[in-house]
Amino acid sequence: MSSRVQNIRGMRDHLPSAMILRQHIVATLVSVFERYGFEPLQTPVIEYAETLDGKIGDDEKLIYRFEDHGGRKVALRYDQTVPLARVVAQYQGQLLFPWRRYAIGQSYRGERPGRGRYRELWQADVDIVGSSSPVADAEIIALLTDSLVALGFTGFTTLLSHRQLLGGIARVSGLDDAAAGNVYRAIDKLDKIGVDGVRAELLAGGVAHDAVERILALISLRGAADDVLAELAQRLSGDERALAAVNNLQAIISHVRAMGVPEQQFTIAPSLARGLSYYTGSVFETVVHNPPMGSLLGGGRYDELIGLFAGRPIPTVGLAFGIERLHDVMEELGLGPQARTVAVALMTIFSPEMAPASLALAHELRAAGLAIEVALDPGEKLGKQLQYADRRGMPYALVLGPDELAHGEVVVKDLRTGDQRRLARSVVADALRRM
RNA sequence: GUGCCUGUAGCUCAACGGCAGAGCGCCUGACUGUGGCUCAGGAGGUUGUGGGUUCGAAACCCAUCAGGCACCCCA
């Protein structure tokens, strides 16, 4: 294939059947977000490079950078969180805190593409800015659960942890900050490489033998959330900050329960690390039980990021849904609308003489709010027109011949079953809406 | 960014140094108020792209582009 007729690696075109699913995903998320009182925000895809620098940790090399025509150093946004921080700082005089906002759009990451990984990715970002209350954290988790249910997901679990839990684990194990980063990366792989794998990696990283075993015992804790937290509190009792983290998580899950999130849809996962460096408190991500697909979303509390821009601390908690992954998984699971086209019916044109009456009927039905596609070739055989409608996946076809016209009627044909009925013209719109 | 695997008709794949094929799909007709089923015909490929080896390359080699898997990391 000529290299000219080719989209950019890691970036996707979405043909209509895919866009029907994607728009359903976005519309569903928006409706849940707004039910929780979140307001929409949109920012440019391009930011000054310095806005993004130093915010996301080791992955800065993944940021797309270039110079614009004026020689300004700019970058494509890597996520929606840093632009949010910029907006909060820039408009803090006009905003009322706590501020709940959502933002849906593209971000760009120069990663190697793979399953569930793209270089252009849509995210739906939801944040509560200006509150350190655990109710805020709980709201985000309740919202995420409602969102996934609204999209039709059943088997999923939100893994919940806390940055200071990890910090406590590192401190109790006698590690300094430099060593801790590697430890976090290793223990985050627990589900993937198992206890033995993590042990090997920690030992290879130079962590002392007894520290490794202490870490493994802590991150392997599983079971009911309350039991795990109690166990963690006991084992981390020498670490003030870790205990505060346990109490914080306890408060969050009690609020989450109060908001009706079922016990089996969240769990305390001390091995959860998460890469982004700006998290300071709770961290979480949600995984589906099948098919295999990393995490559908991730989030947490970041109380210091916005302060880098605003000049004063503004505690914030939020999450980002990975719309690419939601899309791919829903497609594989067959979730979402099954419609393959947007129109509910094709208005056929029986013959050239009937064209004006047919077009008038289409206009009338469109005015009534129905999505009607009109056949374009008045000379084409009726059979061809029906075949076209069927192949496009339209559920109905409308036939208006001389006989129907004379009686003020219309034939409504169900293309899936083959059944057809002659209805009075005045009730066709209602009938289509009901069917 | 590193390593490995894969790119053949619209789709799924075969041919694996010797004439590029099948199934499905698509087009035409049998069926001149009605699609799907059946039958009969038909169209469609510089084998991702560019070079090289060879009498001869879809096949072997190099590069490149794209996809997948494992690292890395993440939505």
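Note that these values count all heavy atoms, side chains included, but never hydrogens, waters or copies made by symmetry. Please read these numbers as outputs of a predicted model, since none were measured by experiment. All chains are named by letter (A, B, ...) in the order of the sequence lines, taking the proteins before the strands, and each is independently numbered beginning at 1.
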Discussion item. I'd like to know if A:R117 reaches the base of B:A75 with its side chain such that a donor and an acceptor end up less than 3.5 angstrom apart.
Written reply: no
Worksheet entry | A:R340 side-chain N/O to A:P16 backbone N/O, donor-acceptor pair under 3.5 Å | no
Worksheet, complete the sentence: A:K61 atom NZ is separated from B:U2 atom P, nearest whole Å, by 12 Å
Response to the item:
Separation of B:A75 atom P from A:R22 atom CZ, nearest Å, is 17 Å
Worksheet item: So what does A:L121 hit on the nucleic acid, given a heavy-atom distance under 4.0 Å: a base, only sugar-phosphate, or nothing?
Response: base
Worksheet item: Which part of the nucleic acid, if any, lies within contact of A:G10, taking any heavy atom under 4.0 Å across all strands shown: a base, the sugar-phosphate backbone alone, or nothing?
Response: sugar-phosphate
Worksheet item: Under 4.0 Å between a Lys/Arg side-chain N and an Asp/Glu carboxylate O for A:R425 and A:E364?
Response: yes
Paired nucleotide for [N] [Watson-Crick or G-U wobble; both distances under 3.5 Å]:
{"N": "B:A70", "result": "B:U2"}
{"N": "B:U64", "result": "B:G48"}
{"N": "B:C27", "result": "B:G41"}

Worksheet item: Between B:A58 and B:C74, how far is it from one C1' atom to the other, in whole Å?
Response: 38 Å
Worksheet item: For nucleotides 28-45 of chain B, read 5' to 3', which letter fits each nucleotide if B means a protein heavy atom sits under 4.0 Å from the base, S means only the sugar-phosphate is that close, and - means neither?
Response: S----BBBB---------
Discussion item. Assess, by modelled atom type and distance only, whether the side chains of A:Y102 and A:Q80 contain a donor and an acceptor separated by less than 3.5 Å.
Written reply: no
